[in-house]
Amino acid sequence: MLALLAFQLLLGLQPVVSASYPPGPWNISDYCNAPHVNASHYEHPTEDAELVHLSVLMRHHKRAPVALVPDERSINVGIGWDCTCAKQFTYGGGGARLYHTVRTPPNHPFAQQIWPGTCEEGQLTAGGFNDAREHGKVCGRAIFYDEFGLTFVEDFWGLYHDHLDFLHAVEPTEINVRTTYIDRTKQVASAMLAGMEPLTAERDWASHSQPQRIDSLVPNYKCPRADALQAAAQAAPKWQAILKKNEALKARLDAVLGTKDSKAVWPNSFMFYQDVLTSRVCNDHPLPCNTAGDCVSEEDAAQIFELGNIEFDYLWHTANNATESNQLTFGAMFSELADGLESPRHRLMLYVAHDLSVVRLASGLEIFPIHWPKLGSEIVIEIWKDKHDERFVRVLYDGAVVRHLGWTPLERFLQHLRRQVPKDLFEKCTAVPSKEALMLQTTVQHSALQSPDTFPIQAPLL
């Protein structure tokens, strides 16, 4: 992983941005496999209370790119994508255990549009499956802990079963799984369950999802108003200034990738380049080089990685209408979460989703500044009951307690979630505001979550 080590040395590099967009911390190895809750670093609540429920919303682990350049076979010639170790099963009950494989015939007339190998675009890779399995394990991941070498940490099951004695058995009566309609989220859930208990690899287990057209966890329902709000944010002078100041960076990347004036590149965004680069680096591929020998430099990669954080913070935090856009696109999911937390039927509710799911929940919970959610990133919502039978919520993001949500009365937390659900959501989504109205609206909307007396946009699916 020489490229990863090189990026560690580039953390001081900053893209050309205005002073109002300070870059957040970036660690590429962290991005490839996010920190998780684990017994070694878990911060116990100081209150005398009993854990009674867990809800976890997380991003899937490593996958092949979803952003493809026009001539994929001209990039890193001779390096393909291998997904043979991460089989995707699709079969009817009582039928053969059918799984599908991907193969592109060498003489296919459109073969240049996809890389060589056995991975479909966006497919979970073997590395992603293994990361998910380790994520669920009793004792698994090795991390750099200090100068004396490696320390093994206990991840999810090791914490909530062995350490806290909260989860008792890997059974559907205790653990409910909710995924999106995308295969990689189902595969991550299955790998995590197998990490908790290897015998689940031989069992049937229901993964609940919603119809693709209206899935609230992605989210995937149509919302023209939110689309218009995001378009207005991307057209705003503040964002256009950032795009303009990084035109030279974009030109260098387009020259290597063959994407100048290409419809493959998502407009007014750095997300396309972010996905092209991170998907490769996280799966041990080198940075892209073309057949002319031109390569993406480590300096340019570091700038794109940081611009990804800046773009996410802008779209889901600081842009005009960011709050409304978030509520429109994730309102149905905020309602689903609130209902599940108010009357939980399982000890653990596991939601496996995407970066655009995690970022919307983080935005709704006001976990600022916003960063691009890492692979395997998780938001853990714990419900505790004290000796007076009062219930409190504690939230952890990538293993760390969110300070303004460190001990919140459950009822207040539920009220906040429900405030994120616009009244008449369907009608509001289908009402597209005028351009003039969009430019006049602002997002000076502060909730009770961070009031002094409480506490000391549709984008490509990633």
Practice task
For side chain to side chain contact (heavy atoms under 4.5 Å, CB included), just list the numbers for Leu365 and Val402, CA-CA rounded to whole Å, side-chain angles, deciding distance to a tenth of an Å, and then say yes or no.
Solution key: CA-CA 10 Å; Leu365 295 180; Val402 177; over 6 Å; no
When rounded to the nearest 0.5 angstrom, what distance separates [atom1] in [X] from [atom2] in [Y]?
| X | Y | atom1 | atom2 | answer |
| --- | --- | --- | --- | --- |
| Leu425 | Leu328 | CG | CG | 6.5 Å |
| Gln420 | Leu361 | CD | CG | 10.0 Å |
| Thr125 | Gln187 | OG1 | CD | 9.5 Å |
| His53 | Leu410 | NE2 | CG | 9.5 Å |
| Leu350 | Met58 | CG | CE | 7.0 Å |
| His371 | Trp316 | NE2 | CH2 | 14.5 Å |

Practice task
For this output row, return yes or no: ring centroids of Phe312 and Trp372 closer than 6.0 angstrom.
Solution key: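 Yes - the distance between ring centres of Phe312 and Trp372 falls below the 6.0 Å cut-off.
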Problem - Donor-acceptor pair between Thr185 and Thr180 side chains, under 3.5 angstrom - result: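 Yes, because at least one side-chain N or O of Thr185 sits under 3.5 Å from a partner of the opposite role on Thr180.
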Practice task
Answer yes if the side chains of His100 and Glu120 hold a donor-acceptor pair under 3.5 Å, and no otherwise.
Solution key: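 No donor-acceptor contact under 3.5 Å links the two side chains.
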Mark yes or no for whether [X], through its side chain, and [Y], through its backbone, hold a donor-acceptor pair below 3.5 Å.
| X | Y | value |
| --- | --- | --- |
| Asn326 | Ala322 | no |
| Glu174 | Leu167 | no |
| Trp115 | Asn76 | no |
| Asp386 | Glu390 | yes |
| Asp398 | Ile379 | no |
| Glu197 | Val170 | no |
| His108 | Phe110 | yes |
| Ser279 | Val276 | no |
| Asp313 | Ile370 | yes |
| Arg73 | Gln113 | no |

Got [X] and [Y] here, is their nearest side-chain heavy-atom distance under 4.5 Å?
| X | Y | value |
| --- | --- | --- |
| Lys222 | Cys429 | no |
| Arg418 | Asp339 | yes |
| Leu287 | Val281 | yes |
| Tyr160 | Val380 | yes |
| Arg280 | Trp81 | yes |
| Thr90 | Leu98 | no |
| Met333 | Pro219 | no |
| Tyr221 | Phe426 | no |

Are any of the side-chain nitrogens in [X] or [Y] under 4.0 Å away from the carboxylate oxygens of its partner?
| X | Y | answer |
| --- | --- | --- |
| Lys428 | Glu324 | no |
| Lys387 | Asp389 | no |
| Glu366 | Arg419 | no |
| Asp275 | Arg63 | yes |

Between [X] and [Y], what is the shortest heavy-atom contact and its length?
| X | Y | value |
| --- | --- | --- |
| Ser190 | Phe129 | OG-CE1, 4.0 Å |
| Gly136 | Phe156 | CA-CB, 4.2 Å |
| Phe334 | Gly364 | CZ-CA, 3.7 Å |
| Ile304 | Gln274 | O-OE1, 3.2 Å |
| Ile383 | Leu51 | O-CD1, 3.4 Å |
| Glu43 | Arg394 | O-NH1, 2.6 Å |

Practice task
Determine, stepwise, if the pair Gln234 / Ser269 fulfils side chain to side chain donor-acceptor pair (under 3.5 Å).
Solution key: CA-CA 8 Å; Gln234 291 176 319; Ser269 172; 5.0 Å; no
Practice task
If the plane angle is over 60° it's perpendicular, under 30° parallel, otherwise tilted; pick one for Tyr42 and His163.
Solution key: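 Perpendicular.
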Practice task
Measure up the Phe368 and His317 rings against each other and bin them: parallel (under 30°), tilted (30 to 60°), perpendicular (over 60°).
Solution key: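 Taking His317 first and then Phe368, their aromatic rings lie parallel (interplane angle under 30°).
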Handout entry: Candidate pair Leu375 and Cys282, rule side chain to side chain contact (heavy atoms under 4.5 Å, CB included), full reasoning
Key = CA-CA 9 Å; Leu375 291 162; Cys282 289; 3.9 Å; yes
Problem - Residue pairs fulfilling side chain to side chain donor-acceptor pair (under 3.5 Å) with at least one residue in residues 198-208, sequence neighbours excluded - result: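 Counting only pairs at least two positions apart or across chains, the side chain to side chain donor-acceptor pair (under 3.5 Å) contacts touching residues 198-208 are Glu171-Arg203, Asn176-His208, Thr179-Ser207.
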Practice task
Could you walk me through whether Leu217 and Leu57 pass the side chain to side chain contact (heavy atoms under 4.5 Å, CB included) test, one step at a time?
Solution key: CA-CA 9 Å; Leu217 182 55; Leu57 192 149; 3.8 Å; yes
Handout entry: Stepwise side chain to side chain contact (heavy atoms under 4.5 Å, CB included) check, Phe330 with Leu356
Key = CA-CA 10 Å; Phe330 216 55; Leu356 297 181; over 6 Å; no
Handout entry: With Asp215 via salt bridge (charged side-chain N to carboxylate O under 4.0 Å, His left out) - residues at least two apart
Key =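 Residues passing salt bridge (charged side-chain N to carboxylate O under 4.0 Å, His left out) with Asp215: Arg178.
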